[in-house]
2 protein chains.
Amino acid sequence: MNFEEYIGQLQQSLQRGELTTFFCHCSIQYSGRAESYLDFGDRIIIIKQDGTVLIHQPEGGMPINYIKAPAKCEFELQREEEQELLFFQATSGNDQIQVHITEIYHYYAQRLIDGKKQDLSGKESEMSDMLREQPELISPDFKPLSREEHTKYGFIDVFGHLGDGTLAVIECKRYTAGLSAVSQLRRYVEKIKSAKGITKVTGILAAPAITANALEMLHNFQCSFKQVDPPKRHIRKKREQQKIQQFFS
Amino acid sequence: MNFEEYIGQLQQSLQRGELTTFFCHCSIQYSGRAESYLDFGDRIIIIKQDGTVLIHQPEGGMPINYIKAPAKCEFELQREEEQELLFFQATSGNDQIQVHITEIYHYYAQRLIDGKKQDLSGKESEMSDMLREQPELISPDFKPLSREEHTKYGFIDVFGHLGDGTLAVIECKRYTAGLSAVSQLRRYVEKIKSAKGITKVTGILAAPAITANALEMLHNFQCSFKQVDPPKRHIRKKREQQKIQQFFS
DNA sequence: TACTACATCTCGCAT
DNA sequence: ATGCGAGGTGTAGTA
């Protein structure tokens with residue numbers, strides 16, 4: 001199939017709303033929020049049904065270039081220095097990629113039917129739910145007050161008071177807490193102090209671990225760290241069978 | 001091609017180090033840092049040459065599931081409730097996805113040759129470079145200190161002094177600065193104060209814009225905002241041709 | 001390795 | 001639309 005035929009195919013695929021993919025040899029220019037150039041090499045290009053464009057190199061987890069949906073996709077046959085090439089341009093807002101394709105190795109497009117939503121668990125909100133249900137994980141005298149306090153200064157994960165009446169702001173993190181987590185907590189504590197006009201407010205950072213610098217900073221602010229592991233998730237039993245083929249050991 | 005033949009093909013593709021893709025109907029379970037389930041639907045699965053696994057739904061910019069390289073990929077023919085299905089499992093560290101495939105619509109694999117690196121500009125570091133070269137963008141009396149000194153104190157973007165001898169810590173952002181940018185700047189200012197034992201230290205947030213809350217917080221800390229646009233990048237002239245085909249208007 | 005911050009972050013949620 | 005924070009964040013740079 002020559003480039004002219006490919007252009008016809010690609011146009012049809014996009015008009016039909018098909019998920020369109022091709023393996024090709026190309027160079028890529030990007031201009032928009034930043035600018036980039038990628039010299040010629042083999043890549044896979046994916047144009048999704050909503051107009052998302054993804055370009056992947058043969059290695060690495062992230063797309064090397066992308067355009068957010070809905071991208072306007074244009075194709076053009078070009079001749080440069082005695083050589084034909086397929087020019088592909090995708091535009092969305094101020095972002096634009098220009099792809100010069102010298103060879104298409106493979107092309108396939110198909111309308112895919114999905115629409116299912118992923119059910120995901122193990123988020124930070126589940127950890128704050130757990131702390132509200134089991135406040136003793138923070139301290140024996142901790143009593144949670146309400147659900148998330150969603151203010152314009154950000155939302156507070158858990159909010160309650162200690163036995164001596166001190167208000168406690170809890171910020172929880174699923175992973176090792178760093179400096180930014182401490183800064184965030186500090187912001188909330190100060191906000192509560194100034195908004196409610198009270199001084200007996202403390203902050204508690206609840207996380208499975210904390211970095212040394214963050215702990216030092218936390219103590220400087222008269223706040224404390226409470227080691228709390230995120231909610232236990234059901235561990236799916238790994239399949240171990242002899243017949244299974246393995247690669248990438 | 002039946003599932004048994006597909007398994008043979010897939011194994012060969014992975015052994016050969018080919019970039020392997022297929023369109024299929026499947027459900028996906030994920031277990032690792034979190035847990036997820038996605039009910040049956042049509043998706044595209046990509047196994048990269050380094051063992052990265054990406055699964056994309058027909059819409060949306062992000063993979064709905066993924067496994068980081070190098071994933072161990074296993075295939076198995078299963079029979080459940082009178083129906084054959086292809087079971088695909090990818091494992092990397094504690095992360096695992098299990099895919100139950102009831103139909104493969106299309107399969108293609110090819111070894112791709114690349115290795116080119118992207119040349120990217122428009123990063124925040126270029127903005128701080130600009131401020132070091134054009135300190136008058138901050139203030140007529142701002143004198144930046146050397147880059148050497150700047151790294152000595154950590155992650156401070158630009159560091160210098162004003163005409164009256166006050167030390168100035170500059171934090172720059174390429175986009176609208178929010179609360180976290182102010183918190184970050186505040187941390188740096190306090191670090192310098194305690195490290196140098198001096199009090200005449202101020203913070204300047206340099207960004208194209210700042211949110212109202214962030215500006216209020218900034219002023220509370222005796223710091224200031226300086227409106228600075230990120231470095232001008234060469235704007236690639238948009239191609240405007242009549243013949244170009246358009247979709248996703 | 002651990003820690004820190006950027007990212008063409010993306011995404012959802014609430015104002 | 002904007003603001004804010006989480007993310008299975010990923011990725012690079014540095015100590």
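Sequence lines set the chain letters: A, B, ... in the order given, protein chains first and strands last, and positions in each chain run from 1. Small disclaimer: the values here were computed from a predicted structure and weren't measured.
- Rounded to an integer number of Å, the gap from A:K123 NZ to D:dG8 C1' is 12 Å.
- Each of B:G60 and B:Y188 was matched to the nucleotide of DNA chain C holding its nearest heavy atom; the match closer to the 5' end belongs to B:Y188.
- Projected onto DNA chain C by closest heavy-atom contact, A:I210 and A:I64 fall at different nucleotides, the more 5' of which corresponds to A:I210.
- Taking only side-chain nitrogens and oxygens, B:K173 comes nearer than 4.0 Å to OP1 or OP2 of C:dC6.
- Side chain B:N213 to base D:dG3: no donor-acceptor pair is found below 3.5 Å.
- The residue A:E171 sits close only to the backbone: its heavy atoms come under 4.0 Å of sugar-phosphate atoms, none of a base.
- By the 5.5 angstrom centroid cut-off and the 30-degree plane limit, B:F155 is classified as not stacked against the base of C:dT4.
- Of the candidates D:dT9, C:dC9, C:dC3, the closest approach to any side-chain atom of A:Y66 belongs to C:dC9.
- A:M62 has its CE atom 12 Å from the C1' atom of D:dA12, to the nearest Å.
- Residues passing the ring pair (Phe, Tyr, Trp, His ring centres under 6.0 Å) test with B:H161, sequence neighbours excluded: none.
- Taking atom CD of A:E126 as the reference point, atom P of D:dG8 lies 11 Å away to the nearest angstrom.
- Remark: the separation of the C1' atoms in C:dA7 and D:dG5 is 15 Å, to the nearest Å.
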Could you go step by step and tell me if A:S180 and B:R187 meet the side-chain contact (heavy atoms from CB on, under 4.5 Å) rule? CA-CA 9 Å; A:S180 64; B:R187 255 192 284 138; 4.1 Å; yes
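- The C1' atoms of D:dG7 and C:dA5 are separated by 16 Å, rounded to the nearest whole Å.
- Atom-to-atom, CD of A:Q118 to P of C:dG12 comes out at 11 Å; the value is rounded to the nearest Å.
- Checking the phosphate oxygens (OP1, OP2) of C:dC9, a side-chain nitrogen or oxygen of B:R174 falls inside 4.0 Å.
- Put simply, A:K68 has a side-chain N or O that comes within less than 4.0 Å of OP1 or OP2 on C:dT10.
- Checking the phosphate oxygens (OP1, OP2) of D:dC4, no side-chain nitrogen or oxygen of A:R187 falls inside 4.0 Å.
- In this structure, CG of A:N65 is placed 16 Å from C1' of C:dT10, rounded to the nearest angstrom.
- Proximity of a side-chain donor or acceptor of A:Q49 to a complementary backbone N or O of A:L112 within less than 3.5 Å is detected.
- Going from the P atom of C:dC6 to that of D:dA6 covers 16 Å, rounded to whole Å.
- A:H56 places its NE2 atom 13 Å from the C1' atom of D:dG10, with the value rounded to the nearest Å.
- The aromatic ring centres of B:F87 and B:F75 sit 6.0 Å or more apart.
- OP1 and OP2 of C:dC6 both lie 4.0 Å or more from every side-chain N or O belonging to A:R33.
- When atom types are taken as modelled, the side chain of B:K48 and the backbone of A:Q57 share a donor-acceptor pair closer than 3.5 angstrom.
- If you take atom P in C:dC11 and the same atom in D:dT11, they sit 16 Å apart, rounded to whole Å.
- Rounded to whole angstrom, the span from the CG atom of A:L120 across to the P atom of C:dG12 amounts to 12 Å.
- B:R132 meets the salt bridge (charged side-chain N to carboxylate O under 4.0 Å, His left out) test with B:D129; sequence neighbours excluded.
- Residue pairs that meet the ring-ring contact (aromatic ring centres under 6.0 Å, His included) test with at least one member in residues 201-220 of chain A, sequence neighbours left out, do not exist here.
- What separates OH of A:Y30 from C1' of C:dT8 is a distance of 3 Å, to the nearest Å.
- Judged as a ring pair (Phe, Tyr, Trp, His ring centres under 6.0 Å), and not counting sequence neighbours, the contacts of B:F40 are B:H25.
- Within residues 175-184 of chain A, the residues that have a heavy atom under 4.0 Å from DNA chain D are, in order of number, A:Y175, A:Q184.
- Minimum atom distance to the side chain of A:E124 is reached by D:dG7, of the listed C:dT4, C:dC9, D:dG7.
- Qualifying ring pair (Phe, Tyr, Trp, His ring centres under 6.0 Å) partners for A:F22, counting only residues two or more places apart in sequence or in other chains: none.
- Across all strands shown, A:I67 has no heavy atoms under 4.0 Å from either base or sugar-phosphate atoms.
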